[in-house]
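No experiment lies behind these values; they were computed from the predicted model shown. We count ligands from 1, going down the list as the structure has it; atoms in each ligand are counted the same way.
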Amino acid sequence: MVHPLWWDDAAPSPTPPELPARADVAVVGGGYTGLWTAYHLLREQPGIEVVVLEAEHVGFGASGRNGGWVSALFPVSGDALAARHGAPAAHAMLAALRESVEEIGRTTADEGVDAGYVRGGTLVLARGRAQEARARSEVAADARWGGGTRWLERDEALERLAAADRPGRTVLGATASPHCARV
Ligand SMILES: Cc1cc2nc3c(=O)[nH]c(=O)nc-3n(C[C@H](O)[C@H](O)[C@H](O)COP(=O)(O)OP(=O)(O)OC[C@H]3O[C@@H](n4cnc5c(N)ncnc54)[C@H](O)[C@@H]3O)c2cc1C
């Protein structure tokens with residue numbers, strides 16, 4: 001399996017403590033899912049004993065090998081979600097995605113986690129008429145779901161990103177969503 005470069009200067013894993021004979025909750029897997037579960041359990045009920053069981057080391061799976069995007073982008077549109085699950089469920093899910101981006105920023109700040117969280121949003125350039133048409137219709141669709149994605153004209157897009165024009169691939173504009181950070 002590929003060795004992520006950020007493991008090179010990470011602090012060494014602490015020696016695992018001896019397993020307790022019993023726990024109130026045992027979480028299997030020390031990735032994001034397991035660690036957030038343990039974190040919230042302990043915040044809700046600080047008195048309980050929670051054990052995270054990890055077969056390799058914390059972050060061994062996808063959680064330690066990803067692109068570092070904290071993003072509310074979802075590869076299914078609000079319209080498609082609503083068609084399958086109803087508009088209230090689609091609104092709730094998209095709001096939860098947006099809230100997660102903020103929560104990760106808040107939590108890393110509150111807990112002093114040096115994760116390099118920077119919420120710069122997502123910018124997607126349109127370099128052709130077909131891309132521009134798709135981008136503009138994404139902006140319109142996102143507006144129906146309160147997503148806050150804006151269309152930036154060329155000058156505003158180039159202020160945010162110093163992209164070069166190429167023959168036949170001129171920057172025409174960009175979509176900008178505020179709901180994305182990097183860690
Ligand atoms: C290349 C790549 C890029 C990605 N980029 C992004 C991104 O930019 N932004 C984003 O939000 N998401 C990204 N993802 C997705 C994201 O990383 C995963 O959705 C997320 O890490 C899943 O977390 P998890 O805790 O559910 O699983 P995992 O991180 O896989 O954790 C599962 C853990 O369980 C342990 N385990 C498994 N079985 C047992 C067992 N029987 N006993 C004990 N321990 C066990 C494993 O060792 C592992 O550590 C990316 C994924 C990949 C692969």
Next on the checklist: Quick one: does any side-chain atom of R65 pair with a main-chain N or O of F60 as donor and acceptor, under 3.5 Å?
Outcome noted: yes

Checklist entry - Which word best sums up how the rings of W36 and H40 line up, parallel for under 30°, tilted for 30 to 60°, or perpendicular for over 60°? => result parallel

Item to check | Electrostatic pair E132-R129, nearest N-O below 4.0 angstrom | outcome: yes

Next on the checklist: Below 30° counts as parallel, above 60° as perpendicular, anything between as tilted: where do the rings of H57 and W7 land?
Outcome noted: perpendicular

Item to check | Sub-4.0 Å heavy-atom environment of ligand 1, residues by chain | outcome: V28, G29, G30, G31, Y32, T33, L53, E54, A55, F60, G61, A62, S63, R65, N66, G67, G68, W69

Next on the checklist: Given 3.5 Å as the limit, does a donor-acceptor pair link the side chain of T108 with the main chain of G105, or not?
Outcome noted: yes

Checklist entry - Charged N to carboxylate O below 4.0 Å: is that the case for E153 and R136? => result yes

